[in-house]
Amino acid sequence: MKNPGAVGGRRLVGLLEAALVREARLWKVPVFKDGRIQGADISSSQHREVILWLGEMNRLFRFCPETFALGVCVLNRLLSTVKAQPKYLKCIAFTSLVLAAKINEEDEVVGSLQDLVVQSGCSFSTAEILRMERIILDKLDWDLYIATPVDFLHIFHALLVSGHPHLVPSIGLGSGVGWDSASAPAGPRHQKRPAGFQAALWTRQVQHCMACHQLWQFRGSTLALAIITLELEALTPDWFSVFTDLLKKAQVDSGEFIHCKETVDEFLQSLEFCLPPNAVYIFDSARVPEEGAEPAGRGRSRAQQGGASDECYDGLRRLYDEESDAAASPCPPLHPADD
């Protein structure tokens, strides 16, 4: 993806504004009360399990991440509109994914409905899926498309490439952005990554977050921005200026954003869903002539949070310590444990 330049940047802002308008009009999610969807007998664990299952189906059918995200949005919009019974939950979810695929995927990718049902291993019939399609379309007024968290992730990603090209070589933004990864600076904060690595990581994180009902209280635009900001904190010392630029464009309330960011951080850490884990090396002092060796990788680090002020927006900078992390010290020689 080439740097869009000023014209492309304005077009991206226009796309973002249109997506925000559509989100404001259509965004609706089920309300959970006492561990269950209000007005229905579907528990939060059942809701989470069916979304994780949708992710498996999405990979099985080789659909794109946007299809999964839209399928989940359709499912949640319907669950917030009707009182669904748990026995129909999987059928509703599967049908939501099929409808999303009809919007996002090419016909040859989707294939026939009968083939999809057979591949899924589900017991419901194609006739049941077709009846459920009509119910969903009727309840949602045939207006299924809404900007999803994955859509916002792509828009924010493109805005980063357009407005902050200096970030491209440092954190591997983009796919075919035009920089040579071999010439990118290496080191604790500049590890070599293939083009598109960061966008793929963010997309996987969004998909995991979409299965967490606590995070559905936040709109997709807020969720996507929180995930990107968490990574920018760890990957570039210039994260705050980049974040404030995106925050203004996204028209996200700063207080809501901070709450979302903290919730996302806690959730992702609980899953240990982070950058590739550290490689652990055991050195035998008898075989290693050098005094020591440096570790080959470094896990994801969070920028230290603190600050003396909790004022909104103008005091937002003080909520986070912008000082870059100290460079990792060399790993001392590791000796085998005594027998």
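Residue indices begin at 1 and follow the sequence shown.
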**Q** Output yes when a side-chain donor or acceptor of E262 lies under 3.5 Å from a complementary backbone atom of H259, and no otherwise.
**A** no
**Q** Can you give me the closest heavy-atom contact between V109 and R62, atom names plus distance?
**A** CG1-O, 4.1 Å
**Q** Do you know which two heavy atoms are closest between N76 and P30, and how far apart they sit?
**A** O-CD, 3.3 Å
**Q** Between K261 and E233, is there a side-chain N and carboxylate O pair less than 4.0 Å apart?
**A** yes
**Q** For K102, is there an ion pair with E133 - N to carboxylate O distance below 4.0 angstrom?
**A** yes
**Q** Got N58 and L54 here, is their nearest side-chain heavy-atom distance under 4.5 Å?
**A** no
**Q** Does C122 reach the side chain of C91, with side-chain heavy atoms less than 4.5 Å apart?
**A** no
**Q** Do I103 and L144 have side chains that approach each other closer than 4.5 Å (heavy atoms only, starting at C-beta)?
**A** yes
**Q** Would you check if the side chain of E231 reaches a backbone N or O of I228 as a donor-acceptor pair within less than 3.5 Å?
**A** no
**Q** Report yes if the side chains of V50 and Q46 come closer than 4.5 Å at any heavy-atom pair, otherwise no.
**A** no
**Q** Taking all heavy atoms of L60 and all of Q119, pick out the closest pair and write down the distance.
**A** CD2-O, 3.4 Å
**Q** Strictly distance-based, threshold 3.5 Å: is any side-chain N or O of S120 a donor or acceptor partner for the main-chain N or O of V117?
**A** yes
**Q** If you define the side chain from C-beta out and look only at heavy atoms, does anything of F257 sit under 4.5 Å from T229?
**A** yes
**Q** Just verifying a value: how many Å separate T203 OG1 and H157 NE2, rounded to the nearest 0.5 Å?
**A** 8.5 Å
**Q** Evaluate the ring-ring contact (aromatic ring centres under 6.0 Å, His included) criterion for residues H47 and F32: first the C-alpha distance (whole Å), next the side-chain angles of each, then the deciding distance (0.1 Å), finally the verdict.
**A** CA-CA 10 Å; H47 180 257; F32 287 87; 5.2 Å; yes
**Q** Can you tell if the side chain of F94 reaches within under 4.5 Å of the side chain of W53, non-hydrogen atoms only?
**A** yes
**Q** Do V110 and L116 make a side-chain contact, defined as non-hydrogen atoms from C-beta onward lying under 4.5 Å apart?
**A** yes
**Q** Under 3.5 Å, side chain of T222 to main-chain N/O of F218, donor-acceptor pair present?
**A** no
**Q** Kindly give the heavy-atom pair with the smallest separation between C64 and N104, and that separation in Å.
**A** SG-CB, 4.5 Å
**Q** Can you list the residues that meet the side-chain contact (heavy atoms from CB on, under 4.5 Å) rule with R22, with sequence neighbours excluded?
**A** R25, L26, D143, Y145
**Q** Between R36 (side chain only) and D41 (backbone N and O only), is there a donor and an acceptor less than 3.5 Å apart?
**A** yes
**Q** Would you indicate whether the side-chain heavy atoms of V74 and I136 approach each other to under 4.5 Å?
**A** yes
**Q** Could you check whether any side-chain N or O of T67 sits under 3.5 Å from a backbone N or O of F63, counting only pairs where one atom can act as donor and the other as acceptor?
**A** no
**Q** Do any N or O atoms from the side chain of Q217 and from the backbone of Q214 form a donor-acceptor pair under 3.5 angstrom?
**A** yes
